[in-house]
Amino acid sequence: MAITNKIENFHMEVNQAFLDKAQALAPSLITTEIRPAGAVKIVSCGQDYAAQETGQGFAQSQPLGRGDSLCLDFGDHRVGYVSFNLTSVGSPPDAPACLRLRFGEIPYELTVGLSDYRGEISSSWIQEELIHVDILPAQIRLPRRYAFRYLELVVIDTSPKYQVVVGDVVCTAVTSADRAAVPALNLGDPELLALDRVSLKTMEDCMQSVFEDGPKRDRRLWLGDLRLQAQTNYVTFRNNDLVKRCLYLFAGLTQNEGRVGACLFMEPRPQVDDTALFDYALFFVSCLHDYYAATGDRETLAELFPTAERQLELALRELDGRGIVTDRDTWWCFLDWGEGLNKQAGAQAILIYTLKQGTAMAEWLGKADRAAALRTAAGQASQAALDCLWDGAQGFFVSGAERQLSWISQVWFALAKVLDPGETVRLLQRVMAQKPGIPLVTPYAYHHLIEALMENGLREQAVAAMKGYWGEMIREGADTFWELFDTNDRYASPYGCRAVNSFCHAWSSTPAYFIRTYLNP
Ligand code: RAM
């Protein structure tokens, strides 16, 4: 399925006052200069590749001629700008030096070049450059920001008469996350400490002028990702103004009829994309709800509540005669990347979940009539789900005309609290025991499972699932948590090529949220 849901006759609606507020909250970036920890060799290991230390530090390279290469390890995941010196040895350079640079968050990416790529999304996400240097010596400053741990430099050519030496390689790393703001943890469990550490690094590298989803790809502000980043932020970096900025950006740049878009671009100027996702638009409601719960910022709640309410109105227009969200065969709702996943049940549950949050916000604002209307809508949507989507014989919610079973449908109905608490616990226990239908494939979807388990008192299962899933990524060598980790297919990609998967993806940084919310004494 094409990964696009372009709305018809798209136009952008701008609220300049909201945008001005967002711009006033733009963070300044903290920069740190980082040099390579050493040189490595990329070796194949099974279906994957690994970086093998050569045991050499790196100050400058040996002289390099045609076909020679150098691979540097920056010691951890980095997001920033790279510069280096290039000098010549031998005769005066009688031809330009031509270099190929490849950056990889993981070793595998260094093995896939632009010309090898066969994926579905743009090849331009491959971090590869071909540069010609006419005058030597030269100080090279690459204009792009890269997300990487490994940098491979191949000399395509010099000339038979001279070679080049690479030195003073520096990454100027950038982030808006302030480590000093993170509260200390009071835990002894080394597995939990490791999960927290990698979560923080993931968050840090995604916190830029907005909460980016991933600093390699897509490098933009997606609403579903923002929701989890904000929740993690409240208990880690505590940059609440960055959340506020993102809320004002989404509210200030809407699509037709005041619909909040699925994602925003920041450059050359802030603009909303023409992609609409049913669940993501509703998560504006959640983000505002959670922001107020974390900060008590009533002025922002009051100012942005109408935008939240508008998303609920637009979503309620999508109900069919039974009161169930209309299913579509486009990419209309996200939920997860599961192959063939039907979205109807999950969408219905998210509508109920956000109608309840809308009700709470209306109450906080003293809008009794609005609260009553939203509460009624939530009750009706819940009853319709019980009548049409609940399959009592199987003990699961089903989705779409084919009555599809999937984990994510059950998880979202647990979060939406449609069954009574005892039945919700039994539903989650059945999910864990019977593994119904389409599995969860992203850390984003796993987050919702862990949240449902934690909220329903199934803490032991939650911790075991978290240590099993995110812990496995660490055992696989993750420096930062990945966009996608399918335990049934480690090398899966929704994009047809794993090299364009993001290996630092903020929606997977929520172990820090769980540890600090539920497990830190
Ligand atoms: C991908 C990214 C992003 C996500 C969307 C739905 O492009 O992984 O993080 O929010 O899909």
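For ligands, and for the atoms within them, numbers begin at 1 and follow the listed sequence. Note: hydrogens, waters and symmetry copies are ignored here, and every other heavy atom, side chains too, is used.
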Using 4.0 Å as the upper bound for N to carboxylate O, is an ion pair formed by Arg498 and Asp48? yes
Looking at His505, which atoms of ligand 1 are within less than 4.0 Å of one of its heavy atoms? 2 (C), 3 (C), 8 (O), 9 (O)
Cation-pi geometry met for Arg217 and Tyr495 (6.0 Å, 45°): yes
Without placing hydrogens or testing angles, list every side-chain donor-acceptor pair under 3.5 Å for residues 21-31, not counting sequence neighbours.
{"residue": "Lys21", "atom": "NZ", "partner": "Glu303", "partner atom": "OE1", "Å": "2.8"}
{"residue": "Gln23", "atom": "OE1", "partner": "Arg245", "partner atom": "NH1", "Å": "3.0"}

Against heavy atoms of Asp225, which atoms of ligand 1 measure under 4.0 Å? 3 (C), 4 (C), 9 (O), 10 (O)
With atoms numbered from 1 as shown, which atoms in ligand 1 lie under 4.0 angstrom from a non-hydrogen atom of Trp331? 6 (C)
Any nitrogen or oxygen of Asp218 lying under 3.5 Å from a nitrogen or oxygen in ligand 1? Just yes or no. yes
Which is closest to atom 1 (C) of ligand 1 in terms of heavy atoms, Tyr495, Phe334, Tyr444, Tyr280? Tyr495
For the 3.5 Å polar cut-off, considering only N or O atoms, please tell me whether Asp213 and ligand 1 meet it. yes
Can Asn15 and Glu13 be said to form a side chain to side chain contact (heavy atoms under 4.5 Å, CB included), step by step? CA-CA 7 Å; Asn15 181 322; Glu13 295 173 354; over 6 Å; no
Salt bridge or not between Glu318 and Arg328? Use side-chain N to carboxylate O under 4.0 Å. yes
For ligand 1, which part of Arg217 has a heavy atom less than 4.0 Å away: the side chain, the backbone, both, or neither? side chain
Is it true that Arg220 and Asp213 have a side-chain N and a carboxylate O under 4.0 angstrom from each other? no
Flag Trp337 as yes when one of its N or O atoms lies below 3.5 Å from any N or O atom of ligand 1, and as no otherwise. no
